[in-house]
Amino acid sequence: MAAATAGAATTASGFTAAQAAPAQWGGDATFLIGRAVTDCTGPAGGVGFFGYGDTQQTGRGVHMRQRARAFVIEDQSTGEHVAIVVAEVLSPSNAVRQAVLSRLGRRAPGRWSQAQVVISSTHTHATPGGATHDQLHNVTTWGFHRRSFEAQVDAMVQAVLAADADKAPGHLRVSRSELTDAGVNRSSVAFQRNPVELQSALPGGIDPASVTLRFERDGRTDAVINWFATHSTSLMNTNRLISGDNKGYAQYALERLDHGVDLMSRSRPAFVAAFANANSGDITPNLNLAPGQGPTSDQFENMRIIGARQADAVRSQLGSAGDPVGSGVEARITYVDMRGYAIRPEFSGTGRTERTGWASLGTAFAAGSTEDGGGVSIFSEGLGGNPLLSTLQAWRYRVDRFDAAVQSPKVCLLSVGAMDWVQQQVPVQLIRLGKYWIAAMPGEMTAATGVLYRRAVAAATGAQEADVLVHGTCNAYTHYVTTPDEYDSQQYEGAATIYGRHSAGAFCQVLDQLGRAVVNGAPVSLGSMPPDKSWTALPSLQGEPPTDLPEFGRWFGQVIEQPTNVGPGATVRARFVGAHPNNDQRRGNTYMAVERNDAGAWVRVRDDQDFDTRFEWQDRGLGVSRVTLSWTVPQGAAGTYRFVYTGNRKTAIGTYQSVTGTSRNFTVGG
């Protein structure tokens, strides 16, 4: 599909362009803007991670705590407002979204509608799962996990309320640059099937745009949301520690390293940085196209490097003035039933009406993405797959012509829609901030699909294509969306495009509807809301703490391995008799601290919000736990230090008691 020309009657893509964007959307308006950060860290012990689908990847501690960042923007003249939440989780679920809206409704009646709240994620795969009522996505947790769910919902609600309370007059600006060394296309065989004009929009198969929305108050930028297309899969499925992955490190770099933000503090942070997911469905940070490989062979170092490159792009942008967004705030949302949604010829790309279908996963989905990890070895990407299943599928398509038109050439592995294991009434949301547009899309779209989304919004609204921001993994998890040509290759992403070959056209059509409604000031029906599945969600017992017991002959908090004196670059550690970490997820607090002796006073200088620390938990059975605290010492850290461990133990009568332990002092040389 070719790029849309603002104001044209009909574009080469077949989209009918709307009128040019109204001039009154320009200028440099003053908005009411606020931002806040809360702790959404889930259960750290024994709970399956959500992302790679690996049932062996259960939590064993914390690398870096996870946060929910919220941003509230309000038009002073009209009172129209939106809240954008970017949380360090794999993806929001419908269960989380509806719970957040319900609780916001109780805390701030009439303030927050469906259209006014975006719930999104950084898409880290190093996160506890189970925060959904969709059974397919609870495989690694063996059911719905209340602790994961509550951590996310409560943190998001608190973040929105705090950001709303933080509002003050300010300006919004956008800056952009190109970043070409933080991701590569992991599915080039599919990408290269796209039309040449679409490939040419993405040199090298990636979307290099790093776009930053800047929140400016009192003459300085004190918050940013950045959109850049790369997966948060620097950390492999062998990692057992909760972490924000590369986008989490980018946030840490701008907040803590650049501005000294201590998120354990109760004070207002000096700077808030969110690194959102974009059209990264087929973009991997593993530059050598193998799990944990590229630019180094150390997965945590890769996380740091890829995150630092994203942070550096924003740092360079902040060195110059940004582009004022203009004036006005508007939002629309609709839920679309994808079980047979009709796509008009101008969006289908075939010259006739096409349809989506009930959700289905192909055999290549089970193979996983070989560049990022996961999957079952008996399956492979592409149409070769499993010969027996391919033969059965060919017979099925001869019998069911409708299914063939929707899902072919996918070789179906699981009819997850018919089993009601996934969400099929899905939200599409469009927000206007002045002359800029944010398309908040469910699931993961490939780089090329993101281009189609931008063009659809531009054609519908008269906007410039570059002024449309595609925001991925928003409001629900609906797996992938590829272009039709990519779909036909049936790589991992195509097999995980659950509603069929014409999914991208369907979403373009919905974006067209929403864009025209905003331009014309028209309302939009909320559409078909997903059913409440809470009553069918089986509760998970994974990671439920037993009564804690100390090791024989020892006591809780006892140090069983003391730290030694070290120099810069070395890793120092201490091991304690501990308790199950899920007794208290210590949100807003820490399991560990590194304290420095400062003229006789002990000052916390590191904790589990820092990249160079680790809190590791070992289940020794029968309620016995060990915890290990470690710190990789940076340059310039000469001094005297100690480790402090803090937790809670569960007693035989079900009450909880605080546990603490302090190591002996150790010295870091110069």
Side-chain angles (χ1 to χ4, degrees), residues 1-4 11-15 184-207 229 278-284 338 341 343-357 360-365 367 369 371 380-385 390 393 397 403-412 441 443-456 459 465 470 472 478-512:
M1 298 180 179
T11 70
S13 66
F15 298 152
V184 295
N185 195 298
R186 71 184 188 190
S187 194
S188 58
V189 66
F191 173 77
Q192 290 167 7
R193 297 175 67 103
N194 286 310
V196 172
E197 60 85 19
L198 187 52
Q199 292 187 50
S200 65
L202 299 163
I206 67 168
D207 190 334
N279 50 324
S280 58
D282 53 353
I283 310 301
T284 176
M338 298 296 281
Y341 179 75
I343 307 145
R344 300 193 304 272
E346 62 265 36
F347 295 100
S348 70
T350 65
R352 59 181 181 272
T353 299
E354 303 286 0
R355 291 184 180 272
T356 57
S360 171
L361 286 166
T363 55
F365 164 80
S369 169
E371 298 80 10
S380 62
E381 293 189 77
L383 290 172
S390 298
Q393 193 69 66
Y397 284 152
D403 199 39
V406 170
Q407 297 286 359
S408 179
K410 178 189 292 177
V411 178
C412 178
M441 307 303 293
E444 307 176 59
M445 78 288 297
T446 62
T449 302
V451 173
L452 298 184
Y453 290 171
R454 285 201 293 263
R455 292 175 178 177
E465 185 182 321
V470 176
T478 55
H479 290 267
Y480 282 75
V481 182
T482 63
T483 69
D485 295 291
E486 291 169 341
Y487 183 90
D488 289 345
S489 179
Q490 280 299 291
Q491 303 303 303
Y492 171 76
E493 296 82 6
T497 298
I498 56 178
Y499 309 119
R501 185 177 190 272
H502 303 287
S503 298
F507 285 119
C508 286
Q509 180 171 299
V510 178
L511 287 170
D512 177 83

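Note: hydrogens, waters and symmetry copies are ignored here, and every other heavy atom, side chains too, is used.
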Next on the checklist: Is there a side-chain contact between Asp488 and Pro409 in this structure, where contact means two heavy atoms from C-beta onward sitting under 4.5 Å apart?
Outcome noted: yes
Next on the checklist: I'd like to know if the side chain of Gln407 reaches the main chain of Ile498, judged simply by a donor and an acceptor atom lying under 3.5 Å from each other, with no hydrogens or angles considered.
Outcome noted: yes
Next on the checklist: Can you confirm whether Met441 sits close enough to Thr478 that some side-chain heavy atom of one is under 4.5 Å from a side-chain heavy atom of the other?
Outcome noted: no
Next on the checklist: Strictly distance-based, threshold 3.5 Å: is any side-chain N or O of Gln199 a donor or acceptor partner for the main-chain N or O of Asn194?
Outcome noted: yes
Checklist outcome for this item: Scanning both residues in full, the closest heavy-atom pair of Lys410 with Ser360 reads NZ-O, 2.7 Å
Checklist entry - Between CZ of Phe191 and CG of Asp282, what distance do you get to the nearest 0.5 Å? => result 8.0 Å
Checklist outcome for this item: Minimal heavy-atom distance between Ala506 and Met338, with the atoms involved, is CB-CE, 4.1 Å
Item to check | Where Tyr453 and Cys508 come nearest, the two heavy atoms and their spacing | outcome: CD2-SG, 3.9 Å
Checklist entry - What's the spacing between Glu444 CD and His479 NE2 if we round to 0.5 Å? => result 9.0 Å
Checklist entry - Given Leu452, which of Val470, Thr483, Val481 fulfils the side-chain contact (heavy atoms from CB on, under 4.5 Å) condition? => result Thr483
Item to check | Set of side-chain hydrogen bond (donor to acceptor under 3.5 Å, both in side chains) partners for Thr449, sequence neighbours left out | outcome: Thr446
Item to check | Heavy-atom side-chain contact between Ser187 and Glu486 under 4.5 Å | outcome: no
Checklist entry - Are side-chain heavy atoms of Arg455 and Leu198 found at a separation under 4.5 Å? => result yes
Next on the checklist: Give me the atom names and distance for the closest heavy-atom approach of Val189 to Ser489.
Outcome noted: CG1-OG, 4.1 Å
Next on the checklist: With rounding to the nearest 0.5 angstrom, report the OH to OH distance, Tyr480 to Tyr487.
Outcome noted: 15.5 Å
Checklist entry - Under 4.5 Å between any side-chain heavy atoms of Thr350 and Pro345, yes or no? => result no
Next on the checklist: Taking Thr482's backbone N and O only, do any of them form a donor-acceptor pair with Glu493's side chain (distance below 3.5 Å, no angle check)?
Outcome noted: no
Checklist entry - Can you tell me if Arg355 uses its side chain to pair, donor with acceptor, with the backbone of His502 under 3.5 Å? => result no
Checklist outcome for this item: Tightest non-hydrogen contact, residues Gln491 and Ala364, listed as O-CB, 3.8 Å
Checklist entry - Can you tell if the side chain of Ile283 reaches within under 4.5 Å of the side chain of Asn185, non-hydrogen atoms only? => result yes
Checklist outcome for this item: Here the gap from Glu371 atom CD to Glu381 atom CD, rounded to the nearest 0.5 Å, amounts to 6.0 Å
Checklist outcome for this item: Residues Tyr499 and Val406: closest non-hydrogen pair is O-CG1, 3.6 Å
Next on the checklist: Can you classify the ring geometry of Phe365 versus Tyr492 as parallel (below 30°), tilted (30 to 60°) or perpendicular (above 60°)?
Outcome noted: parallel
Next on the checklist: Could you check whether any side-chain heavy atom of Arg454 comes within less than 4.5 Å of a side-chain heavy atom of Asp207, counting everything from C-beta outward?
Outcome noted: yes
Checklist entry - At what distance, to the nearest 0.5 angstrom, does OG of Ser380 lie from CD of Gln490? => result 11.5 Å
